Amino acid sequence: MLKITDNIEYLTSSNEPLSADVYVIRGAKNNYIIDTGSNDEAYKIIEGIKNKIIIITHFHADHIGNLSRIEIPDDKIYVGNYTRKYCKRGTEILDSITIEDGANIRISAIPSSHAKGSLAITVDNKWLFLGDSFYCSAKGYNVSLLHDEIEFLKNEPFEYAI
């Protein structure tokens, strides 16, 4: 795991197999994992983390692949509405929730041309985790959704977007 701050670490993505970055935010009581990736290295790291809460940015396999391998109750998983329909697990976030746990963690639904039901995560009003929100879909950008996403970002306090 690579360190961003004293309480934020990450495992970089891989191509074989395709696996997204996996982030860990260390709270006072819980450890918040953003995306599970899909490779064995990510799975082993996640399995070794105690008091975990998983936040899935969107339903694509490289972000959610290991979720089916991890034994964790649904109330410890946060997902967007489309991800909930896809994987049949987790607590659905339709707007925004804030968790205070030694860090201020806000999980928000974000409009995205890349994937329906995407989530963005803001930590301490400084770090913004977007998953693949700004990647276009195979069909390109939906201009209306892109506009809505830009409006979301204008109202979100952050210094660094990841």
Side-chain angles (χ1 to χ4, degrees), residues 2 4-5 8-25 27 30 32-39 42 46 52-68 70 72 74-101 103-162:
L2 301 171
I4 296 175
T5 69
I8 301 174
E9 300 173 309
Y10 72 103
L11 174 68
T12 59
S13 61
S14 68
N15 289 323
E16 294 295 328
L18 181 61
S19 184
D21 292 335
V22 174
Y23 296 92
V24 178
I25 293 101
N30 294 299
Y32 301 86
I33 299 163
I34 300 174
D35 292 331
T36 62
S38 61
N39 64 24
I46 293 167
K52 58 184 155 255
I53 293 176
I54 294 174
I55 306 164
I56 300 293
T57 60
H58 65 288
F59 66 94
H60 291 163
D62 57 323
H63 292 260
I64 198 171
N66 283 324
L67 185 60
S68 64
I70 299 167
I72 186 169
D74 276 7
D75 66 345
K76 302 281 186 185
I77 305 168
Y78 292 105
V79 296
N81 61 348
Y82 200 81
T83 302
R84 175 78 170 106
K85 289 176 188 173
Y86 179 80
C87 73
K88 312 269 191 280
R89 295 187 71 186
T91 300
E92 207 173 288
I93 304 298
L94 297 175
D95 187 26
S96 180
I97 66 165
T98 300
I99 301 167
E100 291 288 341
D101 184 11
N104 177 288
I105 300 167
R106 190 173 40 266
I107 307 168
S108 305
I110 183 171
S112 173
S113 288
H114 181 73
K116 295 177 185 177
S118 289
L119 296 178
I121 300 91
T122 307
V123 178
D124 294 331
N125 293 331
K126 184 172 184 174
W127 302 95
L128 176 63
F129 298 87
L130 292 166
D132 291 343
S133 292
F134 266 100
Y135 292 164
C136 65
S137 70
K139 296 177 184 176
Y141 285 105
N142 174 314
V143 175
S144 177
L145 286 174
L146 184 58
H147 173 270
D148 293 346
E149 186 171 17
I150 291 168
E151 289 302 310
F152 170 90
L153 294 174
K154 284 180 181 177
N155 295 305
E156 193 68 13
F158 68 94
E159 293 178 39
Y160 306 101
I162 300 173

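On a predicted model such as this, the values are computed, not experimentally measured, just so you know.
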Do any side-chain atoms of residues 145-162 form donor-acceptor pairs under 3.5 angstrom with protein atoms, and if so which ones, sequence neighbours left out?
| from | atom 1 | to | atom 2 | distance (Å) |
| --- | --- | --- | --- | --- |
| E151 | OE2 | K154 | NZ | 3.1 |
| N155 | ND2 | E151 | O | 2.9 |
| E156 | OE2 | R106 | NE | 3.1 |
| E156 | OE2 | R106 | NH2 | 3.0 |
| E156 | OE2 | T122 | OG1 | 2.5 |

- Query: Is the CG atom of D75 crowded by more than 12 outside heavy atoms at less than 6.0 Å?
  - Reply: yes

- Which residues share a side-chain hydrogen bond (donor to acceptor under 3.5 Å, both in side chains) with T5, sequence neighbours left out: N7

- Spacing of CD1 belonging to I77 relative to CD1 belonging to I54, to within rounding of 0.5 Å: 5.5 Å

- Listed by chain and number, what are the salt bridge (charged side-chain N to carboxylate O under 4.0 Å, His left out) partners of R89, not counting sequence neighbours? D74

- Item | Pair listing, salt bridge (charged side-chain N to carboxylate O under 4.0 Å, His left out) test, anchored in residues 118-132, at least two apart | none

- Query: Considering residues, nucleotides and ligands other than K52, do more than 12 of their heavy atoms fall under 6.0 Å from its NZ?
  - Reply: yes

- Task: Not counting sequence neighbours, which residues clear side-chain hydrogen bond (donor to acceptor under 3.5 Å, both in side chains) with T12? List them please.
- Result: none

- Sequence neighbours left out, what passes ring-ring contact (aromatic ring centres under 6.0 Å, His included) with Y78? Give chain and number order. none

- Query: With K85, which residues qualify under side chain to side chain contact (heavy atoms under 4.5 Å, CB included), at least two apart?
  - Reply: none

- Task: Return the set of residues passing side chain to side chain contact (heavy atoms under 4.5 Å, CB included) with F59 (not counting sequence neighbours), or none when no residue passes.
- Result: Y82, T83, Y86, A115

- Query: side chain to side chain contact (heavy atoms under 4.5 Å, CB included) between I56 and L119: does it pass, once the steps are laid out?
  - Reply: CA-CA 7 Å; I56 300 293; L119 296 178; 5.9 Å; no

- Sub-3.5 Å donor-acceptor pair from the side chain of S96 to the main-chain atoms of S108, do we have one? no

- With E100, which residues qualify under side-chain hydrogen bond (donor to acceptor under 3.5 Å, both in side chains), at least two apart? N104

- Out of curiosity, I107 CD1 to T91 OG1, how far, rounded to the nearest 0.5 Å? 9.5 Å

- Query: What's the shortest heavy-atom distance between S118 and H58, and which atoms?
  - Reply: OG-CB, 3.7 Å

Name every donor-acceptor pair, under 3.5 Å, that has one atom in a side chain of residues 32-39 and the other anywhere in the protein, sequence neighbours excluded.
| from | atom 1 | to | atom 2 | distance (Å) |
| --- | --- | --- | --- | --- |
| Y32 | OH | D101 | OD2 | 2.7 |
| D35 | OD1 | T57 | N | 2.8 |
| D35 | OD1 | T57 | OG1 | 3.1 |
| D35 | OD2 | T57 | OG1 | 2.9 |
| D35 | OD2 | H63 | ND1 | 2.7 |
| T36 | OG1 | H63 | O | 3.3 |
| T36 | OG1 | N66 | N | 3.4 |
| T36 | OG1 | L67 | N | 3.3 |
| S38 | OG | L18 | O | 2.5 |
| N39 | OD1 | E41 | N | 3.4 |
| N39 | OD1 | A42 | N | 2.8 |
| N39 | ND2 | S14 | OG | 3.0 |

- Message: Checking D21 now: which residues fulfil side-chain hydrogen bond (donor to acceptor under 3.5 Å, both in side chains) with it, not counting sequence neighbours?
- Response: Y23

- Minimal non-hydrogen separation, S133 against I110, with atom names: OG-CG2, 3.6 Å

- Out of N30, I105, I99, which residue meets the side chain to side chain contact (heavy atoms under 4.5 Å, CB included) rule with I25? I105

